[in-house]
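Working notes, beginning with the structure itself.
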Amino acid sequence: DLGSPYCLSGIMYRGVFTLCKNKQLKMPIHIEASTQEFWRSVPSKYKRLAGSTAKKGDICIMQSRNNPSTGHAYLCIEDEVKGKPQKTLEYNTDPNTGDRDGDGVYLRTRTQDGDDAKKYLGAVDICQWIRDLNKIPEVVTPVVTQPKEELSPYIPLSWEVGHRERKEW
């Protein structure tokens, strides 16, 4: 039962794939819709396991408590501070419960405590993975413009490479 797994697909297509395509960079991974397959395929050096702090640009992964083959993914849009909720950008969710089969794209807050339905596995440092693969020293981070709490599927999201340029997409 995969449900509608566009939470990770949204991050991959609107984020990682578009960044790599626009900047002519190699993709670190094949685009994947399954959060759990993605998590298993990530080299351990790019994983920040539950208990360590997620950073801006990390793809955070949750796992269903009742069905470990499914889960949810979201983009961390600011560095996590231990014990405090982190701001996230999430596809295929809802503004209230954070359900994995939601109705849109929303800014939310989450903690590593997870929720009744999902536990937090950890975060993937996709920015470092892209830098390592392409041998670029500059910082790569997402920039989310937030005109309001609820976002449309066409979110104002861009990536900064270093501090020299910003590419909107």
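All of these numbers come straight from a predicted model, not from anything done at the bench.
Of the possible polar contacts, one joining the Gln63 side chain to the Pro68 backbone as a donor-acceptor pair under 3.5 Å is found. Although no hydrogens or angles enter the test, the distance criterion places no donor-acceptor pair under 3.5 Å between the side chain of Thr35 and the main chain of Ile61. Judged by distance alone, with hydrogens and angles left aside, the side-chain atoms of Thr88 form a donor-acceptor pair with the main-chain N or O of Arg108 at under 3.5 Å. Using a distance-only test at 3.5 Å, with no hydrogens or angles considered, no donor-acceptor pair links the side chain of Gln86 to the main chain of Glu80. Formation of a donor-acceptor pair under 3.5 Å by the Gln112 side chain with backbone atoms of Gly51 is found in this model. Formation of a donor-acceptor pair under 3.5 Å by the Asp79 side chain with backbone atoms of Lys56 is found in this model. With Thr18 contributing its side chain and Gly15 its backbone, the two residues share no donor-acceptor pair below 3.5 Å.
Using a 4.5 Å heavy-atom threshold, the side chains of Ser69 and Ser34 count as separate. Taking 4.5 Å as the limit, every side-chain heavy atom of Tyr46 sits out of range of all side-chain heavy atoms of Ile126.
A salt bridge links Asp125 to Arg48: one of the charged nitrogens lies within less than 4.0 Å of a carboxylate oxygen.
Two different hydrophobic clusters hold Val81 and Leu75 under the rule that ILVMFWY side chains link at heavy-atom gaps under 4.5 Å. Both Phe17 and Tyr91 are part of a single hydrophobic cluster, where members link through side-chain heavy atoms under 4.5 Å apart. At a threshold of 4.5 Å between side-chain heavy atoms, the hydrophobic network of Ile, Leu, Val, Met, Phe, Trp and Tyr places Leu8 and Tyr13 in one connected group.
Taking SG of Cys127 as the start and CD1 of Ile136 as the end, the distance is 9.5 Å to the nearest 0.5 Å. Within the model, atoms CG of Leu89 and CD1 of Ile11 stand 7.0 Å from one another, a figure rounded to the nearest 0.5 Å. One distance of note links CG of Asp113 with NZ of Lys118; it measures 13.0 Å at 0.5 Å rounding. Summarising the geometry, atom CD1 belonging to Ile29 is positioned 10.0 Å from atom CD belonging to Glu37; distances are rounded to the nearest 0.5 Å.
In the displayed structure, Lys119 atom NZ is contacted under 6.0 Å by at most 12 heavy atoms of other residues, nucleotides or ligands.
In summary, of the residues considered (Gln36, Met62, Lys47), a side chain to side chain contact (heavy atoms under 4.5 Å, CB included) with Leu121 occurs for Gln36 alone. Only one option out of Asn134, Val124, Val16, Ile59 pairs with Trp129 in a side chain to side chain contact (heavy atoms under 4.5 Å, CB included); it is Val124.
Side-chain atoms of Asn66 and Ser64 include no donor-acceptor pair closer than 3.5 Å. No hydrogens or angles considered: a donor-acceptor pair under 3.5 Å links the side chains of Glu90 and His72.
Heavy atoms only, all atoms of each residue included: Cys76 and Ala54 are closest at SG-CB, 4.2 Å. Taking every heavy atom of both residues into account, Asp58 and Ala123 meet most closely at OD2-CB, 3.6 Å.
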Verdict with reasoning, Arg110 to Asp115, per salt bridge (Lys or Arg N to Asp or Glu O under 4.0 Å) | CA-CA 9 Å; Arg110 291 208 183 253; Asp115 57 37; 3.6 Å; yes

Yes or no on side chain to side chain contact (heavy atoms under 4.5 Å, CB included) for Ile130 and Met27, after CA distance, side-chain angles and deciding distance?
-> CA-CA 7 Å; Ile130 291 168; Met27 279 278 293; over 6 Å; no

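Using a 30° and 60° split on the angle between ring planes, Tyr74 and Tyr120 fall in the tilted class, from 30° to 60°.
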